[in-house]
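Worksheet for the structure shown next.
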Amino acid sequence: MTTLDIDHLRSWIGREEVAEDIVTADLVRKFKATLDLPGGPPQAGEVAPRLIHFSLAQPAVPTAALGPDGHPQRGGFLPPVPLPRRMWAGGSVTFHGDLRVGDSVRRVSRIADVVAKEGRTGLLCFVTVDHSIEVDGLSLLQERQDIVYRGLDGGAAKAAPAEPGRHRRRVDASPPLLLRYSALTFNGHRIHYDRRYVTEVEGYPGLVVHGPLQATLLLHFAAELRGTPPARFDFRSLSPLFDDDPVFLHAKESGDGLTLWTARENGPVATTAEAGWT
């Protein structure tokens, strides 16, 4: 049974990492193509799609330094949590402005918290990372990223089917979409593209649809429904979706904003989100 030296892991709190990147026209072109977003060839100074920052300033460690799951080996900026499964559990983004084609971006990341909990599926460890995306010294967006680590045994408890939203759209979560998104975000996690690994080692029934991909699809669905992108966007992963699932985006009005969620046909909520414009 795995145990955690939580005091050692919490010593990572306060660590910072700074990385830089450029919002290139080529990245924007490929991002739009991957998500089937409208628009012609990107031009210098054009507003870039929201949540494209998930593709910017990502760790680029040598292939030999990747762990067996395709992630960078434990340690370094993130604490070395000794649990095998690592997932993006959710996050919160506040937009103060837009990234534009040609912007030089500086991402400042800080470990905000490390917490161990006992869940239904066993021991869990949550790592919270705060990010600030800056251009010319101004923070254009602030993000809280929640990462969860857990063991291989156990799975999500059976949940009731998601209710249909007032607005609904089907999305084909095909292997090419998952592979393209992994490439855009320089994400080597094998659960998204290596069917043999994901089924034989991690025990999932198919390729796992990225949480940030689901969040990005929901944000752009919200922007389409309202005619303008939200100023605030929170999301949380509740259960996995797989490439063989017919995936649906759902939305309903909630006060001045929208509540959104993904689900497979007759399946539970996978990712839930709140979008706000004030």
Side-chain angles (χ1 to χ4, degrees), residues 1-4 9 34 54-55 58-76 78-90 116-127 145-159 161-162 170-217 236-248 262-271:
M1 180 178 178
T2 303
T3 59
L4 298 181
L9 297 176
T34 298
F54 290 158
S55 302
Q58 294 303 310
V61 304
T63 301
L66 297 177
D69 62 355
H71 276 306
Q73 294 177 10
R74 306 295 170 89
L78 291 173
V81 179
L83 294 170
R85 278 186 177 165
R86 169 185 159 183
M87 305 291 289
W88 195 324
K117 295 182 180 179
E118 194 69 32
R120 291 190 303 268
T121 60
L123 185 61
L124 305 171
C125 185
F126 293 88
V127 177
Q145 178 188 11
D146 298 318
I147 303 168
V148 61
Y149 298 81
R150 67 179 183 88
L152 290 174
D153 296 331
K158 187 169 177 137
R170 178 169 175 159
V171 174
D172 182 13
S174 64
L177 173 62
L178 305 190
L179 181 62
R180 280 178 145 198
Y181 191 77
S182 288
L184 274 177
T185 55
F186 207 66
N187 181 356
H189 199 183
R190 294 170 66 182
I191 64 172
H192 304 304
Y193 60 86
D194 187 336
R195 192 175 301 278
R196 183 173 179 180
Y197 172 83
V198 76
T199 56
E200 295 182 8
V201 176
E202 299 223 9
Y204 289 114
L207 300 176
V208 179
V209 182
H210 315 63
L213 172 57
Q214 295 180 58
T216 301
L217 291 169
R236 187 160 62 101
S237 297
L238 301 179
S239 65
L241 285 177
F242 305 101
D243 67 309
D244 290 332
D245 293 333
V247 175
F248 289 87
T262 57
R264 67 179 186 271
E265 187 73 61
N266 300 318
V269 172
T271 294

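Here the structure is a predicted model, which means the values were calculated and not measured.
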So, for [X] and [Y], which heavy atoms are closest and what is the spacing to 0.1 Å?
X	Y	answer
A60	F186	CA-CE2, 3.7 Å
P240	R264	O-NH1, 4.4 Å
V269	A162	CG2-CB, 3.7 Å
Q73	G67	CG-N, 3.7 Å
N266	P161	O-CB, 3.7 Å
R74	L83	NH1-O, 3.0 Å

Any side-chain heavy atom of [X] within less than 4.5 Å of one from [Y]?
X	Y	value
T34	L177	yes
H192	L179	no
L178	H210	yes
L213	W88	no
L238	P268	no
M87	S237	no
F54	Y181	yes
L78	R86	yes

Report the C-alpha distance between L9 and Y149 in whole Å, list the side-chain angles of each, state the deciding distance to 0.1 Å, and finish with yes or no for side-chain contact (heavy atoms from CB on, under 4.5 Å).
CA-CA 12 Å; L9 297 176; Y149 298 81; over 6 Å; no
Who pairs with H71 by ring-ring contact (aromatic ring centres under 6.0 Å, His included), at least two apart in sequence or on another chain?
H189
Is a donor on one side and an acceptor on the other found under 3.5 Å between the side chain of T271 and the backbone of A215?
no
Sidechain-backbone polar pair: Q145 side chain, G90 backbone, donor-acceptor under 3.5 Å
no
If the condition is side-chain contact (heavy atoms from CB on, under 4.5 Å), which residues does V247 pass it with, not counting sequence neighbours?
A173, L241, D245
Once you round to the nearest 0.5 Å, how far does CG of L207 lie from CZ of F242?
9.5 Å
Pairwise distance OG1(T199) to OH(Y204) - rounded to 0.5 angstrom
12.5 Å
Would V209 and Q214 satisfy side-chain contact (heavy atoms from CB on, under 4.5 Å), going step by step from the backbone distance to the final call?
CA-CA 7 Å; V209 182; Q214 295 180 58; 3.8 Å; yes
Scan for salt bridge (charged side-chain N to carboxylate O under 4.0 Å, His left out) pairs involving residues 186-195, sequence neighbours excluded, and state none if there are none.
R190-D194, R195-D243
